[in-house]
Amino acid sequence: MEMLTIGAFAKACRLSPKALRLYDELDLLRPARVDPETGYRYYAAGQLEQARLVAWLRRLGMPLARIRQVCALDDAGAAREIRAYWARVEAETAARRELAAFLVDHLSHPSRKDTTMLELRYSALSDPGRVRTANQDTAYAGARVLAVADGFGSGGAPASTAAVEALRHLDREPLPAGGVLNLLEDAVQDATRAVRDAAGTDAEVGTTLTAAVWTGSQLALVHIGDSRAYLLRDGELFRITHDHTVVQSMIDEGRLTPEEAAAHPQRALLLKALTGGDDAGAVPDLRLHDALPGDRYLLCSDGLSGVVPDEEIRAALTSASAPEEAVRALVGAANTAGGPDNVSCVVAEVVEAA
C-alpha cells in the first residue's frame, strides 16, 4: 500500500498539515499509520478522495460534525445531504438579503419623502378554540403596533403576554427617522428578557412572536416561531414570514413537499422561539415592508393557519368590509374547522389619512 507523509498528503489534497492533525483528533480523517516512536502521521493514497471531499465541504462552510455524517454515506446519500445543507444555507440567508437590499435602497435615497399620508384601521381577536380550556395566545392591535404571540409550556400564557406587553409602549413613543429597525430590535430584546422573566429557568416555556410597527408608510416586521404574517394586495394573498419549524426546514431542504408537511407528526415542532432558556441562536427575523393604500395585513397564530387553507383566508380578508368583520370571520373559520388550538388574528388595513 502506497503511503504518503503528512506533508505530501496535505499538498495532494489541499488541506494544511494543521487541518489534518485537527481532523485526526476529531476522528474525521484518521491517518493510515502513526509511527509509534515519532508520532509521525502517514496516509494512504486511497484516502485522497475523502480528504478532497472534506476540503471541498469546508470551502462550502459546512460544520465539521455534518461533514463527518456526509463522509460516512455512499455517493448518492452524500449528494442528498449536500443538497439539503445548501438549501438550508440559502433559506437562512434570505432574510439578510432582503435587509441588505432595503439598506442599499434607503442609503441611496436619503432625501426621499412620502407624499401620501397613510394610516391603519385595525382589529384584534383571540379565542381559545373548541378543544383547549385555556388560551395561551395574546393578540394586540393599536395605532402603531400589531402583535400576535402563541405561548407554549406550563407558563405559555404569561410568556405570550410578556412578549406583547414589551412592544406595546411603541404605540406611544415617537419613532426616530430612519431608525425604526433599531428601535424594533431593542424592543425585541426587551421582549426576550420579559419572556425569560415570565418563564423563570424553564426552557420548555416560551412563545412565538409575530409583530409589526407602523411607520406611516412601512411596516417593520419582527418574527420568530410559527405564527405568521400575510399580505392581501390586489386580491392576491402573500405570506411574508417564514416558519421557524422542523417541517419548514425540511421543505426548504427538499425533504418534504408542502402537502406532506401538512400531515407530518412534527409539524408543530419549533426550531426557534422566545423561551426561558439561554438560546443565543434564537434571533428573530427583522424586515421592512412597503405599504400601499388598500393593503390588508393579517397576523395570526397557527391555530388559524394550521387548519384554514390559504384560499379560505384570502376569501375572508377580501370579502370583509372592515378589519373587525375580518377577524371575526377568520376566528369563526378556524372554529368551524374544529378549533383544535387557540386562534388569534390581527387584521390591519392601510388607508389614506383623512
Side-chain angles (χ1 to χ4, degrees), residues 122-173 183-214 219-229 241 243-244 268 270 272-279 282-286 297-306 323 327-328 330-331 334-335 339-348:
Y122 49 86
S123 185
L125 183 61
S126 185
D127 188 89
R130 295 287 178 83
V131 175
R132 305 288 178 86
T133 57
N135 191 353
Q136 293 189 308
D137 284 4
T138 301
Y140 174 79
R144 186 179 291 156
V145 176
L146 314 170
V148 166
D150 181 356
F152 55 85
S154 59
S160 68
T161 299
V164 173
E165 287 295 324
L167 300 179
R168 286 183 58 171
H169 71 93
L170 297 179
D171 252 345
R172 303 181 299 273
E173 292 187 4
L183 187 67
L184 189 58
E185 187 169 28
D186 291 342
V188 168
Q189 292 175 1
D190 291 342
T192 301
R193 286 190 290 269
V195 170
R196 288 177 181 166
D197 289 344
T201 59
D202 190 349
E204 301 301 316
V205 172
T207 185
T208 70
L209 178 64
T210 301
V213 176
W214 174 244
L219 281 174
L221 292 170
V222 55
H223 167 71
I224 187 167
D226 63 351
S227 298
R228 291 181 177 180
T241 52
D243 292 348
H244 300 138
L270 297 174
K272 293 201 300 184
L274 301 181
T275 71
D278 187 18
D279 187 356
V283 179
D285 298 338
L286 294 175
Y297 289 89
L298 165 67
L299 279 58
C300 67
S301 63
D302 67 335
L304 176 71
S305 58
V327 294
R328 288 195 299 270
L330 291 166
V331 169
N335 284 330
D341 198 358
N342 307 150
V343 55
S344 294
C345 300
V346 171
V347 173

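In this structure, the salt bridge (Lys or Arg N to Asp or Glu O under 4.0 Å) partners of Asp190, at least two apart in sequence or on a different chain, are Arg193. For Thr161, the side-chain hydrogen bond (donor to acceptor under 3.5 Å, both in side chains) partners at least two apart in sequence or on another chain are Thr138.
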**OP:** Begin with the C-alpha distance, continue with both residues' side-chain angles, and end with the deciding distance and a verdict on side chain to side chain donor-acceptor pair (under 3.5 Å) for Asp137 and Ser126.
**Re:** CA-CA 7 Å; Asp137 284 4; Ser126 185; 4.7 Å; no
**OP:** Could you walk me through whether Leu304 and Arg228 pass side chain to side chain contact (heavy atoms under 4.5 Å, CB included), step by step?
**Re:** CA-CA 9 Å; Leu304 176 71; Arg228 291 181 177 180; over 6 Å; no
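Using a 4.0 Å cut-off between charged nitrogen and carboxylate oxygen, Arg132 and Asp341 count as a salt-bridge pair.
Between Val343 and Ser301, the closest heavy-atom pair is CA-OG, 3.6 Å. Closest approach of Val195 to Gly206, counting heavy atoms only: CG1-CA, 4.3 Å.
Separating the CG atom in Leu330 from the SG atom in Cys300 is a distance of 8.0 Å, to the nearest 0.5 Å. Remark: Arg130 CZ to Asn335 CG distance equals 4.5 Å, nearest 0.5 Å. Going from atom OG of Ser344 over to atom CG of Asp127 covers 8.0 Å, rounded to the nearest 0.5 Å. For the atom pair Thr207 OG1 and Phe152 CZ, the distance stands at 7.0 Å (nearest 0.5 Å). Leu221 contributes atom CG, which lies 8.5 Å from atom CG of Leu184 (distance to the nearest 0.5 angstrom). Once rounded to the nearest 0.5 Å, the distance linking CG of Asp226 with CG of Asp302 reads 4.0 Å.
You'll find the side chain of Ser123 stays beyond 4.5 Å of the side chain of Val347, heavy atoms only. Side-chain contact check for Ile224 versus Leu274: some heavy-atom pair is nearer than 4.5 Å. A 4.5 Å side-chain heavy-atom check between Leu298 and Cys345 finds at least one atom pair inside the cut-off.
A 6.0 Å sphere centred on CD of Gln189 holds more than 12 heavy atoms belonging to other residues, nucleotides or ligands.
Under the side chain to side chain donor-acceptor pair (under 3.5 Å) rule, Ser227 has a single partner from Asp150, Thr210, Thr208, which is Thr208.
With hydrogens and angles ignored, the 3.5 Å screen pairs no side-chain donor or acceptor of Asn135 with any backbone N or O of Asn342. In terms of modelled atom types and a separation under 3.5 Å, the side chain of Lys272 and the main chain of Pro284 share no donor-acceptor contact.
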